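Everything on this sheet refers to the single structure shown next.
For clarity, every value in this text was computed on a predicted model and none was experimentally measured.
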Amino acid sequence: MAPFLTDWRGRFTGRALAVLRPADTEQVAQLVQACAAHRVPLVPQGGKTGLVLGSVPDASGSAVVLSLARLNRVRELDAVNRTITVDAGCILQTIQEAAALEDCLFPLSLAAEGSCSIGGNLSTNAGGTAVLRYGNTRELCLGLEVVTAQGEIWNGLRGLRKDNTGYDLRDLFIGAEGTLGVITGAVLRLFPQPKASITALVAIAAPRQALELLSLAQDRCGASLTGFELMSDFCLRLVGTHFPSLAQPFVTRHPQYVLLELSSSESEQHAVGLLEQTIADAIAQDIADDAVVATSVAQSLALWQLREHIPLAQAAAGKNIKHDISLPVSRIAEFIDSTDARVLAAYPGCQLVCFGHVGDGNLHYNVAPPPGTAHEDFLANQDAINRIVHDSVAAHAGSISAEHGIGALKRDELKRYKPEVELNMMRAIKAALDPLGIMNPGKIL
């Protein structure tokens with residue numbers, strides 16, 4: 001049972017009565033019926049790559065873990081309707097590869113895509129690197145199959161773009177982290193494969209220039225702009241320290257960098273022309289200082305690896321205090337400047353690891369201890385640092401969770417920042433759909 005009880009970051013291990021591993025939706029329904037009859041709480045679990053203790057049981061040992069790993073089939077791919085129907089336990093990379101075989105694209109892309117499952121992606125409304133162009137997981141889902149808290153099967157696997165027949169039940173379960181029912185299947189949207197994808201790393205002086213570059217790129221490139229990631233020089237230095245085999249693209253260091261990707265439905269020549277002209281305009285307008293444009297797939301992958309290895313480099317460096325936040329794009333630079341100043345004033349010498357999907361307003365604002373400070377000692381400041389960061393998020397009209405969810409880790413923080421009327425509506429939905437309170441108890445609410 002041990003692998004099912006410890007969270008992805010290895011910081012918490014819960015207890016469980018048993019681990020249940022059904023093979024299909026009908027078995028899930030039978031197990032939920034049994035749990036409901038005996039008032040046994042259950043914790044739905046997918047790839048267990050979440051970061052907020054949402055898919056592991058608590059320490060009481062009163063719940064069972066319901067693993068969906070064996071529900072891993074691609075049920076159907078409809079290339080004309082541009083949809084793929086899958087089990088909830090399907091690994092994200094498996095779905096991407098199945099779509100590619102039919103010359104289609106499933107655009108959800110995460111660092112954990114080789115391990116995470118689509119049920120978990122839906123339950124947390126995962127974001128990833130392509131939200132700017134394609135949206136969150138919610139926007140990529142047309143229909144769901146769900147086992148309710150009573151053990152009934154709701155088949156909402158409709159591949160329709162338009163279905164205006166009452167309450168949108170699908171959206172209740174997406175982002176609910178398994179607290180309302182168990183997602184067992186989904187109909188997902190597919191897109192044409194782009195003819196070409198071109199990547200560049202652009203050096204800039206400050207986050208303010210990132211927002212200016214984003215506006216310029218959106219004006220010049222429109223929907224072709226599919227990726228826009230901000231990362232500080234400290235982030236790249238961290239990657240260079242722990243992954244020296246990954247080449248650093250600039251000889252001269254710069255304060256900030258933007259990883260920019262264009263996808264063209266026309267041709268590689270079209271994408272290259274758009275990107276090069278955008279960068280040239282950015283340099284001419286003193287928005288950008290320098291740039292490296294990938295001229296091959298290998299070079300593009302190498303640039304993306306720098307971005308994707310930031311969390312791995314953080315883990316290799318030791319423990320740190322993480323924040324997954326979102327802000328109005330227009331206020332990102334203001335937030336970074338003011339929050340950096342407040343955190344450093346309170347904890348001099350601490351290291352700020354700030355990066356993220358700036359194109360959609362999502363920052364990973366992480367705080368590491370000063371050099372030479374014991375990591376466990378620094379983690380004792382987590383609540384105080386959370387307060388500084390989350391208060392600043394609230395002051396800038398943002399959200400304390402952009403794509404990781406609430407789980408158990410941020411439950412108390414949610415109470416601090418959500419209006420009571422909003423929490424009461426959420427409690428009413430929970431009580432209506434899960435009156436026994438057996439679905440992933442202690443998460444979110």
[X] side chain to [Y] backbone, donor-acceptor under 3.5 Å:
X	Y	result
Glu229	Val258	no
Gln351	Phe234	no
Asn362	Ser326	no
His375	Lys319	yes
Asn381	Phe378	yes
Ser117	Gly47	yes
Arg39	Leu436	no
Lys430	Gly437	no

With sequence neighbours excluded, what pairs up with [X] under the side-chain contact (heavy atoms from CB on, under 4.5 Å) test?
X	result
Arg138	Asn125, Asp171, Ile174
Thr339	Phe335, Val343, Tyr365, Val389, Ser392
Glu97	Gln93
Glu139	Asn136

What's the verdict on side-chain hydrogen bond (donor to acceptor under 3.5 Å, both in side chains) for Gln256 and Gln209, showing C-alpha distance, side-chain angles and the deciding distance?
CA-CA 9 Å; Gln256 301 281 338; Gln209 277 73 35; over 6 Å; no

Kindly give the heavy-atom pair with the smallest separation between [X] and [Y], and that separation in Å.
X	Y	answer
Val239	Leu306	CG2-O, 3.7 Å
Ile198	Ala294	CG2-O, 4.3 Å
Leu275	Leu260	CD1-CD2, 3.1 Å
Asp289	Ala205	OD2-N, 3.7 Å
Val293	Gln299	O-OE1, 4.0 Å
Arg170	Leu144	O-CD1, 3.6 Å

Before you tell me yes or no, could you show the steps for Ser123 and Glu177 under side-chain hydrogen bond (donor to acceptor under 3.5 Å, both in side chains), namely the whole-Å CA-CA distance, both residues' side-chain angles and the distance that decides it to 0.1 Å?
CA-CA 4 Å; Ser123 292; Glu177 301 183 47; over 6 Å; no

Would you mind reporting whether [Y] and [X] have side-chain heavy atoms less than 4.5 Å apart?
X	Y	answer
Val40	Leu17	yes
His390	Arg416	no
Leu92	Leu108	yes
Tyr417	Val393	no
Ile385	Tyr347	yes

Test salt bridge (charged side-chain N to carboxylate O under 4.0 Å, His left out) on Glu261 and Arg307 and set out the steps.
CA-CA 12 Å; Glu261 182 177 85; Arg307 161 63 180 87; over 6 Å; no

Just to verify, what does His364 make a ring-ring contact (aromatic ring centres under 6.0 Å, His included) with, not counting sequence neighbours?
Phe355, His357, His404

I'd like to check the ring-ring contact (aromatic ring centres under 6.0 Å, His included) partners of Tyr257; sequence neighbours left out, ordered by chain and number.
Phe250

Among Ser62, Ser60, Pro41, which residue meets the side-chain contact (heavy atoms from CB on, under 4.5 Å) test with Pro441?
Pro41

Checking Ser401 against Ser399: is there a side-chain donor and acceptor pair closer than 3.5 Å?
no

Working to the nearest 0.5 angstrom, can you tell me the gap between [X] [atom1] and [Y] [atom2]?
X	Y	atom1	atom2	value
Leu274	Ser264	CG	OG	7.0 Å
Ile310	His242	CD1	NE2	12.5 Å
Thr49	Trp8	OG1	CH2	6.0 Å
Leu213	Ile204	CG	CD1	7.0 Å
Ile283	Asp290	CD1	CG	6.0 Å
Ile279	Ile287	CD1	CD1	12.0 Å

Salt bridge or not for [X] and [Y], using N-O below 4.0 Å?
X	Y	answer
Arg237	Asp233	yes
Arg427	Glu420	yes
Asp281	Arg220	yes

Test log, rule side-chain hydrogen bond (donor to acceptor under 3.5 Å, both in side chains), inputs Glu334 and Ser338
CA-CA 6 Å; Glu334 174 191 337; Ser338 63; 6.0 Å; no

Could you walk me through whether Val421 and Asn424 pass side-chain contact (heavy atoms from CB on, under 4.5 Å), step by step?
CA-CA 5 Å; Val421 65; Asn424 284 337; 5.6 Å; no

